[in-house]
Amino acid sequence: MKLATWNVNSLNVRLPQVLDWLRDNPVDALGLQELKLTDDKFPQQAFTDIGYHAVWTGQKTYNGVAILSREPGEDVTRDIGNYTDIQRRVIATTLPSPAGPVRVVCVYCPNGQALDSDKYVYKLEWFLALRDWLKSELARYPRLAVLGDYNIAPADEDVHDPAKWEGGVHVSPPERDALKQLIGLGLSDAFRLFEQPPKSFSWWDYRMMGFRRNAGLRIDHILLSDPLREVCTACDIDKGPRGNTQPSDHTPVIATLTF
DNA sequence: ATGGTCGTGAGACGA
């Protein structure tokens with residue numbers, strides 16, 4: 001079973017690239033972030049045509065998340081428990097697997113903008129709410145995968161130039177602590193279960209030829225509960241789509257589970 | 001060089 005995540009930065013613009021990628025990488029589930037379209041504009045038929053089910057929650061201009069899957073899902077959730085948030089950042093569904101139900105949670109975590117921003121306060125609050133909700137999800141679903149754009153680079157090795165980024169959003173100690181609190185629920189960063197090339201990133205700024213210089217961050221993650229960690233046999237970043245014409249600034253991350 | 005580039009949607013704003 002392969003699970004993937006990709007922040008597409010507008011599904012309107014990136015739909016052809018998503019379809020192409022799925023033809024080459026027929027994963028069992030793909031979480032998408034930053035759809036930037038309303039529910040009525042979601043291109044369901046295009047995914048149906050290539051054999052994928054879809055669940056989504058959209059929003060005009062900003063945010064929006066979806067999960068595409070080979071098998072239909074159950075128990076779709078579009079909120080973090082009781083946390084009231086007009087921003088559409090979470091969707092979850094339960095998929096079948098040989099080992100039993102796998103809960104897939106797709107998240108588009110807040111960016112935070114800057115350490116002195118109200119958006120940074122919102123980001124940290126949002127992560128607390130996510131943690132509390134994931135704790136209850138984990139109790140209900142032992143096989144839990146939480147994938148998406150976390151907008152947090154877990155460690156300096158996930159940053160192209162730690163000195164330049166120090167004191168900035170995505171790397172600050174409170175943000176890294178927020179991510180560690182998710183890990184502390186009993187989740188593992190699938191990417192770090194394996195030996196990886198140095199300077200592995202999942203996002204590169206459009207500006208300053210960030211991709212060409214490999215000036216990136218690893219901020220897109222797949223977190224796995226212990227029963228899934230035990231069967232995870234690979235986790236890789238596919239840099240290919242970042243080299244496309246008119247690319248997203250993020251590229252997919254894929255985890256392989258072998259039951 | 002304190003900027004740069006995208007996407008959205010029609011001027012900034014968010015990332």
Side-chain angles (χ1 to χ4, degrees), chain A residues 5-21 30-43 46 56-66 80 85-91 106-127 130 147-154 158-172 174-176 178-179 201-221 237-253:
Chain A
T5 178
W6 191 6
N7 179 326
V8 292
N9 185 20
S10 170
L11 186 56
N12 279 325
V13 173
R14 235 64 70 187
L15 176 62
Q17 294 182 40
V18 175
L19 296 173
D20 284 349
W21 190 82
L30 172 61
L32 301 173
Q33 302 90 39
E34 283 206 270
L35 306 181
K36 296 188 174 180
L37 46 72
T38 48
D39 282 342
D40 57 307
K41 297 283 175 37
F42 187 86
W56 63 92
T57 181
Q59 184 181 335
K60 184 178 168 63
T61 310
Y62 306 111
N63 309 310
V65 288
I80 309 174
D85 191 355
I86 59 167
Q87 302 190 30
R88 308 320 298 156
R89 296 184 174 278
V90 175
I91 191 161
C106 173
V107 296
Y108 173 50
C109 306
N111 177 290
Q113 194 170 57
L115 299 200
D116 59 355
S117 167
D118 289 345
K119 296 185 180 70
Y120 182 76
V121 176
Y122 164 66
K123 181 176 191 174
L124 295 179
E125 285 178 356
W126 190 93
F127 266 94
L130 179 66
L147 48 82
D149 175 3
Y150 288 77
N151 269 310
I152 297 173
D158 304 308
V159 180
H160 71 96
D161 186 345
K164 180 177 274 186
W165 280 81
E166 187 170 1
V169 76
H170 305 298
V171 304
S172 72
E175 290 168 271
R176 285 177 169 172
L179 185 56
F201 307 124
S202 65
W203 169 89
W204 299 262
D205 201 305
Y206 284 123
R207 295 166 291 188
M208 295 287 288
M209 297 186 291
F211 184 56
R212 193 170 302 182
R213 296 188 297 120
N214 197 29
L217 302 175
R218 192 175 69 90
I219 55 177
D220 300 271
H221 310 299
I237 295 171
D238 178 7
K239 288 171 70 171
R242 188 60 178 80
N244 289 350
T245 303
Q246 202 175 17
S248 169
D249 46 353
H250 296 251
T251 211
V253 183

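All values reported here derive from a predicted model rather than from experimental measurement. Lettering of chains follows the sequences in order, A, B, ..., and the numbering in each one begins at 1.
Nucleic acid contact class of F211(A) (heavy atoms, under 4.0 Å, all strands): none.
The distance from atom CE of M209(A) to atom P of dG4(B) is 15 Å, rounded to the nearest whole Å. Counting to the nearest Å, the C1' atom of dT8(B) and the CD atom of Q59(A) are 13 Å from each other. As rounded to whole Å, 15 Å separates atom C1' of dG4(B) from atom OH of Y206(A). Taking atom NE2 of residue H250(A) and atom C1' of nucleotide dA15(B), one finds them 8 Å apart after rounding to whole Å. In this structure, I86(A) atom CD1 and dG14(B) atom C1' are separated by 14 Å, rounded to whole Å. Counting to the nearest Å, the P atom of dA15(B) and the CZ atom of R14(A) are 16 Å from each other. One atom, CZ of R242(A), and another, C1' of dC6(B), lie 10 Å apart when rounded to the nearest Å. If you take CZ of R212(A) and C1' of dT5(B), they are 14 Å apart, rounded to a whole angstrom.
Side-chain contact between Q33(A) and V107(A): absent, with no pair of heavy atoms (C-beta onward) separated by less than 4.5 Å.
Around the CD atom of E166(A), the shell of radius 6.0 Å holds no more than 12 heavy atoms that belong to other residues, nucleotides or ligands.
S10(A) has a side-chain polar atom (N or O) that falls below the 4.0 Å cut-off from OP1 or OP2 of dT8(B). One finds no side-chain N or O of Q113(A) lying less than 4.0 angstrom from the OP1 or OP2 phosphate oxygen of dC13(B). Remark: K60(A) is not in phosphate contact with dT8(B), judged by side-chain N or O atoms under 4.0 Å from OP1 or OP2.
Side chains of N9(A) and K36(A): a donor on one and an acceptor on the other come within 3.5 Å. A side-chain N or O of T38(A) and one of D40(A) form a donor-acceptor pair less than 3.5 Å apart.
Using atom P as the reference point in both dA10(B) and dT2(B), the two lie 31 Å apart (nearest Å). dA15(B) and dG9(B) have their P atoms separated by 15 Å, given to the nearest Å. Taking atom P on both dG11(B) and dG3(B), the two are 24 Å apart, rounded to the nearest angstrom.
Between D149(A) and Q246(A), the residue whose closest nucleotide on DNA chain B is further toward the 5' end is Q246(A). Nearest-nucleotide assignment on DNA chain B puts the 5′-proximal partner with N9(A), out of N9(A) and P110(A).
For N12(A), whose side chain is taken as the heavy atoms from C-beta onward, the closest listed nucleotide among dG7(B), dA15(B), dT8(B) is dT8(B). The nucleotide whose nearest atom lies closest to any side-chain atom of R207(A) is, among dG7(B), dG14(B), dG4(B), dG4(B).
Ring planes of H160(A) and F201(A): perpendicular class, angle over 60° (limits at 30 and 60°).
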